[in-house]
Amino acid sequence: MRNYTMGDVVARWRRAQGYNVLHPMGWDAFGLPAENAAMQKGVHPGRWTHANIDEMRAQFRTMGLSLDWSREFATCDVDYYVHEQAMFLEMLERDLVYRKESWVNWDPVDRTVLANEQVIEGRGWRSGAPVERRKLEQWFFRITAFADELLSAIDGLERWPDKVRTMQANWIGRSEGARVRFPIRGRDDGLVVFTTRPDTLWGASFMAIAPDHPLAQERAKDDPRLAAFVAECLRSGTSQEEMDKAEKRGVDTGLRCRHPLDATPDLPVYVANFVLMDYGTGAIFGCPSGDQRDLDFARKYDLPVLPVVLPPGADPAAFTIGDEAYTGEGTLINSGFLDGLAVADAKPRIIERLEEAGVGERQVTFRLRDWGVSRQRYWGCPIPVVHCAQCGIVPVPREQLPVRLPEDVRFDEPGNPLDRHEAFLRTTCPGCGGEARRETDTFDTFTESSWYFARFCSPQYEEGPFERRAVDYWLPVDQYIGGVEHAVLHLLYSRFFTRAMSACGHLDLAEPFAGLFTQGMVTHLTFEGPNGRWLQPDEVEREGEGWVTVDGRHPVQPGRVEKMSKSKRNTVDPTTIIEGYGADTARLFMLSDSPPERDLEWTDQGIDGAWRYLNRLWRLVDERLDRLDGRDGGAGEPAGADAELKRTVHRTIDGVTRELEKLHFNKAVALIRELSNAIEAHDGSGPVLREALETLVVLVNPMMPHLAEELWSKLGHEAMLAATPWPAVDPAWLVADTVRLAVQVNGKRRAEIELPRGTDEATARSIALADEAVLKATAGKPPRRVIVVPDRIVNVVV
RNA sequence: GCCCGCUUGGCGGAACAGGUAGACGCACGGGACUUAAAAUCCCGAGGCUGUAUGCCGUGCCGGUUCGAGUCCGGCAGCGGGCACCA
């Protein structure tokens with residue numbers, strides 16, 4: 001709610017500034033929650049989803065969000081996902097989609113694939129059955145094709161928070177290094193490794209491969225000990241806890257690698273639990289002196305540790321490696337022709353040599369992996385392909401789209417209901433016309449959310465995902481407001497999708513969101529009741545210093561302040577607040593005090609404070625209505641208190657505008673409150689008072705539109721406030737003609753003097769030096785130096 | 001472990017660009033109005049003491065500067081992200 005309120009403030013304010021604002025609302029409607037509800041309560045996911053949407057829509061309406069409801073859609077509408085299916089086919093043609101085997105967490109009881117967060121201590125969250133690792137054929141979006149670009153374009157995202165930019169950069173994780181081929185004794189094939197430290201090649205004392213490396217699998221067939229180790233590694237993969245603390249272990253495969261450049265002793269090849277198949281080539285060379293993991297491993301298996309980098313200033317004769325690897329800068333030693341070079345210089349030299357010898361080359365590797373989108377679930381967009389015994393995997397032709405998600409499904413058995421839905425499954429192969437089976441996997445719901453912003457530009461368009469003219473006009477999104485939880489995946493996928501859609505000719509755009517703002521969560525105190533059950537805030541009441549239940553007055557333990565969630569039952573129903581205080585109060589409260597990027601703690605006092613201010617605003621205008629037109633302010637310039645108020649008015653316009661630009665709603669609210677304080681203290685009447693009140697109402701409008709509109713009409717306006725332009729600042733009224741400046745003696749404030757604005761240095765200096773308090777503080781000592789910053793400060797040094 | 005961020009009154013937080021720390025609000029205390037309460041209005045309020053034109057004070061230690069909440073170095077605590085990433 002808070003982020004939508006913020007968005008609405010921006011929308012209303014920008015409209016007042018004369019912009020054409022697209023402020024839509026739609027529903028990310030596919031996904032697990034609906035499917036879970038279906039299994040728990042027996043409701044159809046579609047019905048459940050629509051009921052939820054209706055409820056939320058009603059809430060948005062009461063909040064007075066200025067949304068364009070004519071553009072509303074839900075991603076589970078076939079009118080929406082048909083375009084997603086079409087784009088999938090286009091991306092398939094352009095090789096941006098492919099199929100490969102990958103590991104999944106399989107729940108054997110629920111017969112379903114589990115997301116990582118559904119695996120709790122190695123067991124399925126619902127069934128409690130031990131989770132198996134299975135290999136499945138899955139669909140992938142080739143996001144890595146854009147890895148370099150997605151990374152370098154981050155620099156251009158100037159209106160994104162740095163935090164999110166770093167998180168994305170780390171996620172993509174580009175590292176430069178080399179691929180090196182190590183010949184294996186007695187075999188024709190070699191072992192290819194990726195390393196960022198090719199310069200440490202002479203320090204290699206072993207090779208290590210991932211448990212699921214093809215070579216490991218091959219050797220495990222004839223080696224039971226190795227097979228057992230491999231199986232164990234694959235099993236422990238699910239629990240990160242264990243992985244984190246697991247010691248570095250490995251089993252010798254019996255294979256021996258030759259060093260690619262040198263005739264040093266052969267290197268044993270281990271299968272090791274700390275090498276990942278998904279990263280690099282799934283194989284490394286171990287250089288114990290330059291990598292902590294390799295060192296731990298070497299110590300455990302008694303492998304040689306040869307220092308190859310000498311820290312600056314260290315004695316080459318005495319330098320040895322103890323329990324800590326040396327990863328810093330330094331000079332190469334024990335490394336043949338690299339000896340004496342600095343690390344940074346050695347890297348290009350060794351790569352050059354490897355290339356000459358034909359055993360390696362420069363390589364860039366990314367941490368980013370391709371995006372697996374297959375989900376073995378019902379409530380999602382069907383992936384438009386069929387499986388044919390003759391032709392294999394065949395895309396559904398465009399003209400046969402949409403592949404509709406059938407509605408008549410049952411959840412009385414475990415597993416994906418699509419797998420046993422005969423009418424859906426049976427189809428003919430578009431290739432050979434023979435019998436075929438439909439794909440029963442559906443898309444990851446991140447797919448829908450990767451392009452909905454573009455659909456909003458022309459939500460009824462039927463010829464394609466969106467109308468070219470519309471997206472060219474509206475996109476990129478000027479201001480996106482969302483939670484930090486989307487900092488990586490959703491935002492990165494959207495950036496990928498925008499590029500992919502451009503590659504398919506739908507757009508001419510790389511970046512979907514020009515401005516991003518991540519708002520903080522709304523939190524609330526939690527309450528633990530007598531039986532250890534969490535209690536809702538409305539079941540609890542203050543009593544003295546503590547809390548008791550409303551019924552029965554049992555003592556209640558206040559818990560931590562946490563993100564509002566159903567499980568902790570610390571949510572507040574917005575409808576109740578709106579019924580009691582009105583939407584404007586709720587809106588104001590969510591915008592006040594807390595900086596928008598930080599968490600906001602929901603408190604009754606906070607709501608009360610906002611409510612009081614609303615009432616005060618009302619009285620402020622109401623009580624002054626008869627003073628507005630009584631006395632003619634006359635032709636003359638406002639003077640005295642009037643001038644003072646007028647300056648405050650213009651400073652406020654200026655300040656509020658600046659703060660809104662930065663989305664600092666809390667500061668804008670503070671400035672507005674200062675203006676009301678100033679109006680309250682002003683006892684004049686006439687045009688300046690009118691200007692002040694009208695400005696106040698206009699400035700308040702984006703935040704409290706209902707009240708503001710009402711006040712506007714009380715002030716005698718026929719036209720809607722919503723159609724009134726944002727006020728302009730008159731720079732002449734931004735500054736006062738006198739300024740108070742502090743006078744410091746030796747950096748400590750001793751006096752304050754009032755001077756006409758723009759008083760020159762010499763005058764300011766002599767007035768300051770003549771000040772009584774200054775004279776006292778300097779105790780008659782002559783000033784050694786006097787610093788004057790005009791209109792700001794005077795500092796006397798004695 | 002690595003990366004990022006944060007740390008200011010009782011509380012949420014202000015402080016343009018190194019120039020009067022604590023705006024605005026919450027909670028609190030005192031007073032006015034009222035038979036009373038609520039609402040409203042007025043006043044007070046960082047700490048300390050000697051009540052002053054006083055001293056101390058922006059997590060801790062040090063530095064740069066005429067001047068540091070702000071810049072630099074180190075440390076601690078809290079929060080977030082990533083994680084055997086070669």
Side-chain angles (χ1 to χ4, degrees), chain A residues 161-171 173-175 177-178 193-198 200 208 210 240 243-249 272-276 278-287 290-294 296-297 365-369 484-485 487-488 588-589 592-595 597-601 603-610 612-613 615-616 619 655 658 664 666-677 680 740-753 771-777 783-789 791-798:
Chain A
D162 287 342
K163 183 165 88 168
V164 175
R165 301 204 297 178
T166 347
M167 279 165 73
Q168 292 223 348
N170 290 342
W171 188 265
R174 183 180 196 275
S175 45
V193 306
F194 171 74
T195 176
T196 55
R197 296 296 304 273
T200 62
Q240 303 104 320
M243 281 272 283
D244 289 357
K245 286 168 189 135
E247 74 179 307
K248 279 138 205 65
R249 295 192 299 136
N273 62 350
F274 62 96
V275 180
L276 304 173
D278 295 314
Y279 188 74
T281 61
I284 61 160
F285 74 78
C287 170
D291 184 292
Q292 193 57 46
R293 291 160 301 176
D294 296 350
D296 294 345
F297 192 84
T365 293
F366 294 91
R367 199 186 85 98
L368 181 70
R369 293 176 218 154
V484 239
E485 66 270 22
V488 177
L588 176 64
F589 169 63
S592 308
D593 295 348
S594 244
E597 69 279 7
R598 285 203 210 165
D599 291 352
L600 168 74
E601 189 187 345
T603 61
D604 291 347
Q605 291 92 325
I607 285 287
D608 277 338
R612 275 202 297 272
Y613 181 65
N615 287 298
R616 227 179 104 206
R619 283 193 308 271
R658 286 167 191 278
H664 291 163
N666 59 325
K667 297 189 206 172
V669 170
L671 285 165
I672 286 171
R673 294 184 96 129
E674 276 184 77
L675 177 58
S676 352
N677 291 347
E680 221 155 47
R740 304 183 75 82
L741 51 171
V743 184
Q744 300 180 330
V745 175
N746 290 335
K748 279 187 179 149
R749 189 172 75 94
R750 294 297 173 183
E752 200 172 76
I753 52 179
D771 188 277
E772 207 181 310
V774 175
L775 288 173
K776 192 176 166 196
R784 282 196 293 143
R785 200 177 150 190
V786 180
I787 288 122
V788 180
V789 183
D791 294 343
R792 298 214 92 145
I793 205 162
V794 178
N795 191 5
V796 182
V797 187
V798 293

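Naming: A, B, ... by sequence-line order, numbering from 1 per chain. What you see below is based on every heavy atom in this structure, not just the backbone, and it leaves out hydrogens, waters and symmetry mates.
Rounded to the nearest Å, the gap between the P atom of B:A21 and that of B:C55 is 13 Å. For the P atoms, the distance from B:G69 to B:C60 is 11 Å, rounded to whole Å. Rounded to the nearest Å, the gap between the P atom of B:G19 and that of B:A68 is 11 Å. Taking the P atoms as reference points, B:G59 lies 13 Å from B:G10, given to the whole Å. Going from the C1' atom of B:G9 to that of B:G44 covers 15 Å, rounded to whole Å. The same atom, P, is picked in B:C6 and in B:A14; the two are 12 Å apart, to the nearest Å. A distance of about 28 Å separates the C1' atoms of B:G46 and B:A32, rounded to the whole Å. For the C1' atoms, the distance from B:A86 to B:C4 is 23 Å, rounded to whole Å.
Salt bridge present: A:D162 and A:R165 bring a charged side-chain N and a carboxylate O closer than 4.0 Å.
Nucleotide B:G5 holds its C1' atom 13 Å from the CG atom of A:D599, rounded to whole Å. For A:N795 and B:G67, the CG to C1' distance is 6 Å, given to the nearest whole Å. Atom CG in A:N273 sits about 17 Å away from atom P in B:A83, given to the nearest Å. The CZ atom of A:R598 sits 10 Å away from the C1' atom of B:G5 (whole-angstrom rounding). The nearest whole Å value for the distance from the CD1 atom in A:I793 to the C1' atom in B:A68 is 12 Å. Put simply, CZ on A:R616 is 7 Å from P on B:C41, counting in whole angstrom units. Straight-line distance from the CD1 atom of A:I787 to the P atom of B:G67: 8 Å, rounded to whole Å. The CG-P distance, from A:D296 to B:A86, rounds to 16 Å in whole Å.
A:R619 has a side-chain polar atom (N or O) that falls below the 4.0 Å cut-off from OP1 or OP2 of B:C41. Not one side-chain nitrogen or oxygen of A:R612 sits closer than 4.0 Å to the OP1 or OP2 atom of B:A39.
Backbone-only engagement by A:N677 is indicated by non-hydrogen atom pairs under 4.0 Å involving sugar-phosphate atoms exclusively. Among the protein residues, A:D291 comes within range of no part of the nucleic acid, since none of its heavy atoms lies under 4.0 Å from any strand. A:G606 comes within 4.0 angstrom of nothing in the nucleic acid, heavy atoms only. Within the nucleic acid shown, A:S592 has no heavy atom closer than 4.0 Å to any nucleic acid atom. If you check every strand for non-hydrogen atoms under 4.0 Å, A:N666 touches sugar and phosphate atoms only. Using a 4.0 Å heavy-atom cutoff across all strands shown, A:R740 reaches at least one base atom of the nucleic acid. If you check every strand for non-hydrogen atoms under 4.0 Å, A:V275 touches a base. Within the 4.0 angstrom heavy-atom criterion, no nucleotide atom of any strand lies near A:R249. If you check every strand for non-hydrogen atoms under 4.0 Å, A:E674 touches sugar and phosphate atoms only. A:V797 comes within contact range of the sugar-phosphate backbone alone, with a heavy-atom separation under 4.0 Å but no base atom that close. Counting any heavy atom pair closer than 4.0 Å across all strands shown, A:Q605 reaches sugar-phosphate atoms only and no base atom. In this structure, A:R784 reaches neither bases nor backbone, as no heavy-atom distance under 4.0 Å exists between it and the strands shown.
A:S592 and A:Y613 form no side-chain donor-acceptor contact under 3.5 Å, judged by distance and modelled atom types alone. Donor-acceptor pairing under 3.5 Å is lacking for the side chains of A:R784 and A:N746.
For A:R367, taking side-chain heavy atoms from C-beta onward, the closest of the listed nucleotides B:U20, B:C82, B:C24 is B:C82. Comparing B:C85, B:C4, B:G19 by their closest approach to the side chain of A:V789 singles out B:G19. Comparing B:C84, B:C24, B:U7 by their closest approach to the side chain of A:R673 singles out B:C24. Taking every side-chain heavy atom of A:S175 into account, B:A86 is the closest of B:A86, B:C66, B:C3. Which of B:C66, B:G13, B:G12 sits closest to the side chain of A:D593 comes down to B:G12. Considering only the side chain of A:P595, B:A14 comes nearest among B:A86, B:A14, B:C85.
Listed for the A:N273 side chain is a donor-acceptor partner under 3.5 Å among the backbone atoms of A:R249. Distance alone, capped at 3.5 Å, places no donor-acceptor pair between the A:N170 side chain and the A:G173 backbone.
Of all heavy-atom pairs between A:T603 and A:F589, the closest is N-CZ, 3.7 Å. A:D599 approaches A:S594 most closely through the heavy-atom pair O-OG, 3.0 Å.
Residues A:Q744 and A:Y279 both approach RNA chain B. Their nearest nucleotides, taken by heavy-atom distance, put A:Q744 toward the 5′ side. Map A:G747 and A:T603 each onto its nearest nucleotide of RNA chain B; the residue landing nearer the 5' end is A:T603.
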### Intra- and inter-strand pairs of RNA chain B in dot-bracket (Watson-Crick or G-U wobble, both distances under 3.5 Å; | for another strand)
(((((((..(((......[....))).(((((.......))))).((((..).)))..(((((..]....))))))))))))....
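Among residues two or more places apart in sequence or in another chain, the side chain to side chain contact (heavy atoms under 4.5 Å, CB included) test is passed with A:K163 by A:M167, A:V484. Every residue meeting the side chain to side chain contact (heavy atoms under 4.5 Å, CB included) condition with A:I793, not counting sequence neighbours, appears here in chain and number order: A:A742, A:Q744, A:V789. Under the salt bridge (charged side-chain N to carboxylate O under 4.0 Å, His left out) criterion, A:R673 pairs with no residue, sequence neighbours left out. A:E597 pairs by the side chain to side chain donor-acceptor pair (under 3.5 Å) definition with nothing, not counting sequence neighbours.
A glycosidic torsion no more than 90° from 0 defines the syn conformation, and B:G9 adopts it.
Checked by distance alone, A:K248 brings a side-chain donor or acceptor within 3.5 Å of a matching partner on the base of B:C84.
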### Summary
Once base and sugar-phosphate atoms are separated, protein heavy atoms under 4.0 Å mark nucleotides 48-59 of chain B, 5' to 3', with B, S and - as -----BSSS---
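A:V788 places a side-chain heavy atom less than 4.5 Å from the side chain of A:V794.
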### Query
Hey, mind stepping through A:F366 and A:S175 against side-chain contact (heavy atoms from CB on, under 4.5 Å) and telling me if it holds?
CA-CA 6 Å; A:F366 294 91; A:S175 45; over 6 Å; no
